[in-house]
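Computed from a predicted model, the values in this text were never measured in an experiment. Sequential numbering from 1 along the given sequence is applied to the chain's residues.
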Amino acid sequence: QVQLVESGGGLVQAGGSLRLSCAASGRTFSSYAMGWFRQAPGKEREFVAAISWSGGSTYYADSVKGRFTISRDNAKNTVYLQMNSLKPEDTAVYYCAADLVSSGSWYGDEYDYWGQGTQVTVSS
């Protein structure tokens, strides 16, 4: 079992920054990959970023590449999503997820555990 708790969401103006955190507990954090996904109202959940268990490999959706950075601190059992140059279209509920099998995946169905989500709202 893995428990995930996101924090750091909020309201920010376009062009601003936020850093999301996801604290994990349960299984050894350094043994599995992590991902961030988001879901806007009326839209399907979409992949944002993923990171391998060691942090050595990262993956990004084209829509956030160059603006968002995923990182992890295995000593703190936490994964982060630094979001810069935010746009109104980044508004969504952001979820972190744990992938116990692969090194990080674009596909939500491959993730085994999910957090409850944190709201990010970007005003224009």
Side-chain angles (χ1 to χ4, degrees):
Q1 289 280 353
V2 174
Q3 294 78 42
L4 303 171
V5 179
E6 301 98 333
S7 61
L11 173 64
V12 63
Q13 288 188 333
S17 298
L18 281 175
R19 188 176 82 156
L20 305 183
S21 300
C22 173
S25 60
R27 293 183 61 159
T28 304
F29 183 66
S30 59
S31 67
Y32 52 86
M34 294 292 296
W36 285 97
F37 290 76
R38 66 187 182 186
Q39 187 166 21
K43 295 188 176 181
E44 294 187 353
R45 181 182 63 196
E46 65 173 349
F47 171 78
V48 176
I51 188 167
S52 63
W53 64 271
S54 67
S57 297
T58 57
Y59 314 90
Y60 296 94
D62 287 344
S63 59
V64 307
K65 201 171 295 183
R67 300 188 299 123
F68 291 11
T69 302
I70 189 171
S71 62
R72 66 190 295 159
D73 185 338
N74 286 345
K76 296 183 177 180
N77 293 350
T78 303
V79 64
Y80 304 97
L81 185 68
Q82 177 67 44
M83 305 186 294
N84 298 330
S85 303
L86 282 161
K87 305 175 181 181
E89 51 263 44
D90 294 317
T91 295
V93 177
Y94 283 70
Y95 300 90
C96 66
D99 180 353
L100 304 186
V101 177
S102 77
S103 60
S105 174
W106 294 70
Y107 303 103
D109 289 348
E110 296 191 11
Y111 287 78
D112 304 281
Y113 296 95
W114 293 81
Q116 82 290 348
T118 186
Q119 176 71 47
V120 171
T121 303
V122 185
S123 64
S124 57

| task | Report the distance from atom OG1 of T91 to atom CD of Q119, rounding to the nearest 0.5 Å. | result | 7.5 Å
| query | Do other residues, nucleotides or ligands put more than 12 heavy atoms under 6.0 Å from the NZ atom of K65? | reply | yes
| query | Quick one: do V79 and W106 end up in the same hydrophobic cluster if we chain Ile, Leu, Val, Met, Phe, Trp and Tyr together by side-chain heavy atoms under 4.5 Å apart? | reply | no
| message | Which heavy atom of A49 sits nearest to which heavy atom of Y60, and what is that distance? | response | CB-CD2, 3.7 Å
| Roughly how far, to the nearest 0.5 Å, is OG1 of T121 from CG of D90? | 11.0 Å
| query | For the residue pair Q39 and K43, what are the closest heavy atoms and their distance? | reply | NE2-O, 3.1 Å
| request: Kindly compute the distance separating CG (L18) from CD (Q82), expressed to the nearest 0.5 Å. | output: 8.5 Å
| field | Over 12 foreign heavy atoms within 6.0 Å of CZ, R27 | value | no
| task | State whether the side chain of E6 and the backbone N or O of C96 hold a donor-acceptor pair below 3.5 Å, judged by distance alone. | result | yes
| request: Can you measure from OG (S124) to NZ (K87) and round to the nearest 0.5 angstrom? | output: 14.0 Å
| Reported OG-to-CG distance for the pair S30 and D73, which is rounded to 0.5 angstrom | 11.0 Å
| message | Closer than 3.5 angstrom, by distance alone: can the side chain of R67 be matched with the main-chain N or O of S85 as a donor-acceptor pair? | response | yes
| query | What's the spacing between I51 CD1 and I70 CD1 if we round to 0.5 Å? | reply | 5.0 Å
| task | Keeping the roles fixed (side chain from Y59, backbone from S52), state whether a donor-acceptor pair exists under 3.5 Å. | result | no
| said: Can a donor-acceptor pair be found, under 3.5 Å and without considering hydrogens, that links the side chain of T118 to the backbone of S7? | reply: no
| field | Test item: N74 side-chain N/O and W53 main-chain N/O as donor-acceptor pair under 3.5 Å | value | yes
| So does Q116 have more than 12 non-hydrogen atoms from other groups sitting under 6.0 Å from CD? | yes
| query | When the aromatic ring centroids of F68 and W36 are compared, is their separation below 6.0 Å? | reply | no
| Which heavy-atom pair separates Y111 from A97 by the least distance, and what is that distance? | CD2-CB, 3.5 Å
| Taking all non-hydrogen atoms of both residues, which atom of Y94 and which atom of L81 are closest, and how far apart? | CD2-CD2, 4.1 Å
| Centre of F29's six-membered ring, under 6.0 Å away, within 45 degrees of the axis: is that where NZ or CZ of R72 sits? | yes
| request: Check the hydrophobic clustering (I, L, V, M, F, W, Y; side-chain heavy atoms under 4.5 Å; chains of links allowed) and say if M34 and L100 are grouped together. | output: yes
| Hphob cluster co-occupancy, F37 + Y107, side-chain heavy atoms under 4.5 angstrom | yes
| Any link between V64 and V12 through a network of hydrophobic side chains (Ile, Leu, Val, Met, Phe, Trp, Tyr) touching at under 4.5 Å? | yes
| task | Check N84 against S17 and note the closest heavy-atom contact, atom names and distance. | result | OD1-OG, 2.9 Å
| task | Report yes or no: do V120 and V93 belong to one cluster of Ile/Leu/Val/Met/Phe/Trp/Tyr joined by side chain heavy-atom distances under 4.5 Å? | result | no
| Which heavy atom of S105 sits nearest a heavy atom of F47, and at what distance? | O-CE1, 3.4 Å
